[in-house]
Amino acid sequence: MPSPYKHPATGVYWYRQRVPARLKSLAKGKAVTVTIDGYVSCPTIGDDIKVSLRTKLPADAKRLAPEVQAEFDRVWLSFEKGPVTLTLRQIVGLAGEMYHTIRKALEDDPKEAGEWAERRRQWETNDRALQRSERYGLMIKPLPDLRSRLGSWVDGALAQHHLSVTQDTYERLLQEFDRAASDIANLLEKRAKGDFSPDTTGSRFPTFDMGDAQSKVDESGKTKITGLLSTWSGRLKQPKPQTVTRYTGIITQLVTYLGHDDADRLTDADIVRWHSELIEAGTVSHDTFIKAYRAAISTVYAYGMTAQGGKLVAHNPAAKLLLEGPRKKQSRPKSFYVEEAHSILRCALDALTAENSYSEINRSAMRWVPWIAPEKARRSITTHHRSRHLSCAPNTINQEIQMSAEATMTILNILTAVINDAHEKVIRRTQEETLHAIWNC
């Protein structure tokens with residue numbers, strides 16, 4: 001999971017995540033809605049998506065990061081699922097959200113909103129009169145169409161729930177939102193006249209629920225692939241939420257590709273063919289397919305074969321499936337070039353005197369860790385060393401090294417940018433070769 005970062009100019013923490021490669025063509029340029037700690041943000045997706053956390057406190061930023069990531073995961077899932085068809089109950093539930101939002105804002109003191117119902121009746125009367133006129137087709141309608149009047153409300157509701165719907169569902173949403181607008185106008189008219197009796201109309205709107213639970217079998221009694229996913233995600237030892245989100249997107253893509261949801265019909269040949277098409281289209285890399293796509297299919301099928309999983313299927317088409325992909329192109333040597341080693345180690349030499357805001361402990365960490373790491377050692381092991389663990393030998397730097405417990409706790413964070421990639425490459429060279437290159441450059 002990405003970490004919040006501080007804006008260099010304002011000091012406010014932001015959260016950013018790169019758009020998954022498989023979704024770039026679908027998501028780029030789209031505006032989405034995310035809710036963070038009760039505040040609504042509407043970022044536009046580019047190569048990444050980022051939102052302000054509205055805080056300058058590191059502790060608050062760390063607390064909000066999982067909430068933002070969950071919102072981002074729902075955004076990616078909405079693009080992976082594609083347009084969905086909502087039931088009438090779900091459509092009315094969304095319309096009810098608009099009804100209750102307006103009611104809470106205006107019910108106590110409607111003011112001019114109390115005239116909405118009368119204006120609406122007048123518009124409808126005029127529109128019916130114009131429809132009977134022979135010149136109706138040549139005249140400007142006083143009552144705009146549903147999309148121009150309520151499209152922004154519908155779009156906002158869909159964005160809030162990260163939904164993309166079919167055209168038929170969208171038209172039905174417009175109609176139900178129009179009914180809800182008429183209901184709220186009538187309620188506000190009553191309130192404007194001093195009638196504050198209980199609202200009975202609002203009770204007709206159900207709570208919106210996407211109903212993630214899916215039937216494990218279809219009407220003919222055959223096990224569904226999405227049913228296997230549902231069984232696996234609902235197991236007693238529940239998987240991590242981000243894993244469930246990731247696997248849900250992959251299984252949804254698989255069902256869309258196959259054109260059916262029959263678990264018994266899926267074969268290893270189908271997976272091989274899907275792998276080839278995704279690789280040729282550049283949607284995913286070979287490694288990504290192996291580690292994520294094949295793993296998702298194999299995991300849900302493997303659990304569906306167990307007794308706890310209900311023995312819904314008898315075979316796992318992804319188990320031990322051999323998939324070949326193109327060799328990964330190596331754009332550069334695994335080790336650092338001499339110039340790069342010079343740059344990294346020179347920065348370490350200057351760490352104690354460099355002009356920055358780091359504490360003395362952090363400066364000491366940056367000064368010594370790149371130099372004292374033994375051959376093939378990980379930096380996490382090196383940072384746990386104390387002076388008693390180190391000795392001075394011929395042809396090495398003769399310095400007394402002191403590392404405190406505080407330095408041990410902060411080194412990993414401070415040196416991430418410098419050591420994370422560089423350290424394990426630099427140590428492939430012997431210390432004598434590196435020192436020789438430094439002193440003779």
Side-chain angles (χ1 to χ4, degrees), residues 31-42 54 67 71 74 78 84-133 136 139-165 167-211:
V32 296
T33 301
V34 294
T35 304
I36 308 164
D37 200 26
Y39 292 95
V40 177
S41 299
C42 300
R54 301 173 182 266
E67 180 181 348
E71 286 287 293
R74 283 192 284 271
S78 69
V84 297
T85 300
L86 301 181
T87 64
L88 179 59
R89 181 184 181 87
Q90 292 169 332
I91 292 173
V92 175
L94 282 178
E97 292 183 356
M98 180 194 72
Y99 177 92
H100 292 297
T101 298
I102 298 176
R103 181 181 61 80
K104 290 178 181 178
L106 301 176
E107 183 178 22
D108 291 342
D109 191 7
K111 296 182 179 179
E112 294 183 358
E115 302 176 4
W116 288 354
E118 180 58 32
R119 292 178 186 173
R120 182 184 178 90
R121 286 192 291 268
Q122 187 62 42
W123 288 341
E124 291 175 348
T125 300
N126 293 340
D127 190 62
R128 284 194 294 271
L130 288 172
Q131 289 183 20
R132 292 193 295 268
S133 172
Y136 175 73
M139 300 179 67
I140 299 177
K141 300 180 183 179
L143 185 63
D145 60 13
L146 292 180
R147 185 179 290 272
S148 61
R149 288 193 297 115
L150 298 167
S152 59
W153 279 97
V154 174
D155 293 340
L158 294 175
Q160 185 176 359
H161 292 279
H162 309 302
L163 289 174
S164 174
V165 299
Q167 184 61 33
D168 179 65
T169 296
Y170 194 89
E171 296 297 332
R172 295 174 68 193
L173 280 167
L174 288 173
Q175 295 173 7
E176 289 301 326
F177 270 65
D178 185 47
R179 287 185 59 195
S182 177
D183 290 340
I184 191 61
N186 292 332
L187 176 67
L188 294 177
E189 184 179 45
K190 290 170 57 179
R191 298 294 187 254
K193 294 178 179 179
D195 183 355
F196 286 90
S197 57
D199 175 23
T200 57
T201 304
S203 60
R204 79 175 183 88
F205 298 104
T207 301
F208 176 75
D209 182 11
M210 272 302 295

- Could you check if a side-chain atom of Arg54 sits within less than 4.5 angstrom of a side-chain atom of Asp37, using non-hydrogen atoms only? no
- Can you tell me how far OG of Ser182 sits from CH2 of Trp116, rounded to the nearest 0.5 angstrom? 12.5 Å
- Non-neighbouring partners of His161 that pass ring pair (Phe, Tyr, Trp, His ring centres under 6.0 Å), sequence neighbours left out: Phe208
- Message: Please report the interatomic distance CG(Asp183) to CG(Leu188), rounded to the nearest 0.5 Å.
- Response: 11.0 Å
- Looking only at heavy atoms, the pair that brings Leu150 and Phe177 closest together is CD1-C, 3.8 Å
- With sequence neighbours excluded, tell me which residues meet side chain to side chain donor-acceptor pair (under 3.5 Å) with Glu71. Arg74, His162
- Note on the structure: The reported gap from OG in Ser152 to CZ in Arg147 (rounded to nearest 0.5 angstrom) is 11.5 Å
- Qualifying residues under salt bridge (Lys or Arg N to Asp or Glu O under 4.0 Å), relative to Arg89, sequence neighbours excluded: none
- Closest non-hydrogen atom pair between Arg172 and Leu86, with its separation: NH1-O, 3.8 Å
- Query: After noting the C-alpha distance and the side-chain angles of Asp155 and Tyr170, does the key distance pass the side chain to side chain contact (heavy atoms under 4.5 Å, CB included) rule?
  - Reply: CA-CA 9 Å; Asp155 293 340; Tyr170 194 89; 2.8 Å; yes
- Item | Interatomic spacing from CG in Asp178 to CZ in Arg149 - rounded to 0.5 Å | 4.5 Å
- Task: Tell me, with the steps shown, if Gln175 and Ile91 meet side chain to side chain contact (heavy atoms under 4.5 Å, CB included).
- Result: CA-CA 10 Å; Gln175 295 173 7; Ile91 292 173; over 6 Å; no
- Message: Between Glu118 and Glu115 (side chain of the first, backbone of the second, donor and acceptor by atom type, cut-off under 3.5 Å), is there such a pair?
- Response: no
- Salt-bridged, Asp199 to Lys190, with N to O below 4.0 Å? no
- Query: Mind checking whether His100 and Phe205 have parallel, tilted or perpendicular rings, split at 30° and 60°?
  - Reply: perpendicular
- CG-CG distance between Leu158 and Leu94, expressed to the nearest 0.5 angstrom: 6.5 Å
- Task: For Pro110 and Asp108, work out which heavy atoms get closest and say how close.
- Result: CD-C, 3.9 Å
- With sequence neighbours left out, write down each residue that passes side chain to side chain contact (heavy atoms under 4.5 Å, CB included) with Ala117, or none if nothing qualifies. Arg121, Ala185, Asn186, Glu189
- Query: For Gln167 and Glu171, does a side-chain donor sit closer than 3.5 Å to a side-chain acceptor?
  - Reply: yes
- Item | Minimum heavy-atom distance Glu67-Thr35, with the two atoms named | OE2-O, 3.6 Å
- Message: Using every non-hydrogen atom in the two residues, find where Ala192 and Gly114 come nearest and quote the distance to one decimal.
- Response: CB-CA, 3.8 Å
- Message: Going by the rule salt bridge (Lys or Arg N to Asp or Glu O under 4.0 Å), which residues pair with Glu97 if we only count those two or more places apart in sequence or in a different chain?
- Response: none
- Query: For Glu176 and Leu88, what are the C-alpha separation, side-chain angles and deciding distance, and is it a side chain to side chain contact (heavy atoms under 4.5 Å, CB included)?
  - Reply: CA-CA 9 Å; Glu176 289 301 326; Leu88 179 59; 4.1 Å; yes
- Task: Return the set of residues passing side chain to side chain donor-acceptor pair (under 3.5 Å) with Asp168 (not counting sequence neighbours), or none when no residue passes.
- Result: none
- Taking all heavy atoms of Gln90 and all of Asp209, pick out the closest pair and write down the distance. NE2-O, 3.1 Å
- Nearest 0.5 Å, what's the CD1-CH2 distance between Ile102 and Trp153? 4.0 Å
